[in-house]
Protein chains: 2
Amino acid sequence: MPPYDPSTFPPFAVTVDLVVLTVRRHALCALVVRRGETPFQGRWALPGGFVRTDEDLGSAAARELAEETGLCAHDPAKPAVGNGAHLEQLATYGDPARDPRMRVVSVAHLALAPDLPAPRAGGDANSARWAPVEDLLRPGTGREGEPATPLAFDHARILADGVERARSKIEYSSLATAFCPPEFTVGELRRVYEAVWGVVLDPRNFHRKVTGTPGFLVPSGGTTTRQGGRPAQLFRAGAATVLNPPMLRPEV
Amino acid sequence: MPPYDPSTFPPFAVTVDLVVLTVRRHALCALVVRRGETPFQGRWALPGGFVRTDEDLGSAAARELAEETGLCAHDPAKPAVGNGAHLEQLATYGDPARDPRMRVVSVAHLALAPDLPAPRAGGDANSARWAPVEDLLRPGTGREGEPATPLAFDHARILADGVERARSKIEYSSLATAFCPPEFTVGELRRVYEAVWGVVLDPRNFHRKVTGTPGFLVPSGGTTTRQGGRPAQLFRAGAATVLNPPMLRPEV
DNA sequence: GTGTTTATCGTCAGGCAGACGACTATGATC
DNA sequence: GATCATAGTCGTCTGCCTGACGATAAACAC
């Protein structure tokens, strides 16, 4: 290894990009912001920014998340509580051509949050929105929403990786509760799985599975809320973080 | 996002570090190299180096892997063949204090390889070796080998993350075959699982599981080899990359 | 009250895994 | 060559989990 004289290694810009997912109106949605500058001016992109000099990668991601959404990321070790979101590192993207201006390495992070009122990107409500990932990843179809154009940079790929991570991770972990408010019903949790996976699950088998897994859900005493029919029991996330045996996605 | 004037963002050094795992003598081993310079001079570390200006992260990892071991990483999409190793991105480490000299962000990669004769680190055989991960991660016990001191930098953490990734990934993927030569027996594959997980598996149930999973193993025609007892059938890795249902690690 | 919606409990059959018996085919040892 | 040790391979049995689905319960809209 050569010595660390700055003239002997190429300098890189390091950024964090965020895949922030939530479930809104039965659909898995991601937070996107509109780019104000070239390149990709006017296109939608994932939120992100430079890592500061004395900042850890996870801290930079948490800071960006707070700036964009007001969410406070919390330690994955501690149980989800309050207005906190799950935040984890996703992957790092460093293709030399991914940014036409210069060499940028982006450490992408994945954040899962309960349904939020509305994003706020630096006060400009028009420049940030929740968009169904289905629309973002299948561009050109141009539905009612705006993102008929693909995401800027390699953000479509990053988003796809984040979505796939979320889809697979709720199989064998209790992470789906990160999409729920602190108290939720089994039906609400089931609708999270259905939205993330894009499938329909049997309510009876789902109920048996989640209530039968020790440590997954703990009854919160509060016994009811309404969403239409018979009142349901309220739960909060338990201490268990892994699901064993896992909740398997239905086959293709 | 500010414009990309180099004076407006802090420059980082970006490196790739490699967690190269193999199975030798019934033990999961990692490749470590001895550091020739300060800091951590004389300590063992994971192999790695700077990412070059026009090089993708995966290419940099593949290049380092070839330099250290002569292995040729191949595309995970294609089936394992020849002298190729599995290579995938692991995680990125960017604590501001992880390198005392300057700000270095390291994109760690995980490589899995069949048992190799001997590492060669720039021709210096003394400066690279395979060490059981058990010894590397539980330092201070100072057994017969040398690594009584912990690994340099945050490499113990990186190695631990890589080992955990490998341990969990062979559960639900066919990745364990990456530790085997092109042709192998069911018993050899079972010993891979036993070494990586540090458990003992029932040969009969294991045989039923792996031969019963479609696409996992394909008989290579060649019917026998010897390792002691009755000759065993030879297989090569099949096209399946995911194991469904997974092969579950025995409980604690 | 009737119908609709959602929640929750039960039942049943099939698949899979762990425990383990039995048999086979080789080399090693006497 | 008989015996033993070692591995590989095939079966059996039992218990758990899941998917399919019937049935009941508790709210709301008429």
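Labels below follow one simple rule: chain letters A, B, ... track the order of the sequence lines, proteins then strands, and each chain is numbered from 1. Basis for what follows: all heavy atoms, side chains included, without hydrogens, waters or symmetry-related copies. Because the structure is predicted, anything quoted here is derived from the model rather than measured.
Between Thr224(A) and Pro245(A), the one whose closest nucleotide on DNA chain D sits nearer the 5' end is Pro245(A).
Between the P atom of dA17(C) and the CG atom of Asn244(B) lies a distance of 10 Å, rounded to the nearest Å. Following rounding to the nearest Å, Leu243(A) (CG) and dC16(D) (P) show an atom-to-atom distance of 19 Å. dC16(C) atom P lies 17 Å from atom CZ of Phe206(B), rounded to whole Å. Phe184(A) has its CZ atom 13 Å from the P atom of dA7(C), to the nearest Å. One atom, CG of Leu248(A), and another, P of dC17(D), lie 13 Å apart when rounded to the nearest Å.
Heavy atoms of other residues, nucleotides or ligands lying less than 6.0 angstrom from CZ of Arg157(A) number 12 at most. A 6.0 Å sphere centred on CZ of Arg249(B) holds more than 12 heavy atoms belonging to other residues, nucleotides or ligands.
Between Phe206(A) and Tyr193(A), the ring planes are perpendicular. Angles over 60° get that label, and only those under 30° would be called parallel.
Partner Val186(A) forms a side-chain contact (heavy atoms from CB on, under 4.5 Å) with one of Gln233(A), Lys209(A), His207(A) and no other, that one being His207(A).
The closest side-chain heavy-atom distance from Glu183(B) to Phe235(B) is not below 4.5 Å. In this structure, Ser127(B) and Val33(B) have side chains that are not in contact, with every pair of non-hydrogen atoms separated by 4.5 Å or more.
Between Arg249(B) and dA17(C) there is no side-chain polar atom (N or O) within less than 4.0 angstrom of OP1 or OP2. Contact annotation: Lys209(B) does not reach the phosphate of dC16(C) (side-chain N/O to OP1 or OP2, under 4.0 Å).
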Anything under 3.5 Å between a protein N or O and an N or O of nucleotides 9-11 of chain D, put it in a table, one pair a line.
{"residue": "dT9(D)", "atom": "OP1", "partner": "Gln233(B)", "partner atom": "N", "Å": "2.9"}
{"residue": "dT9(D)", "atom": "OP2", "partner": "His207(B)", "partner atom": "NE2", "Å": "3.2"}
{"residue": "dT9(D)", "atom": "O5'", "partner": "His207(B)", "partner atom": "NE2", "Å": "3.4"}

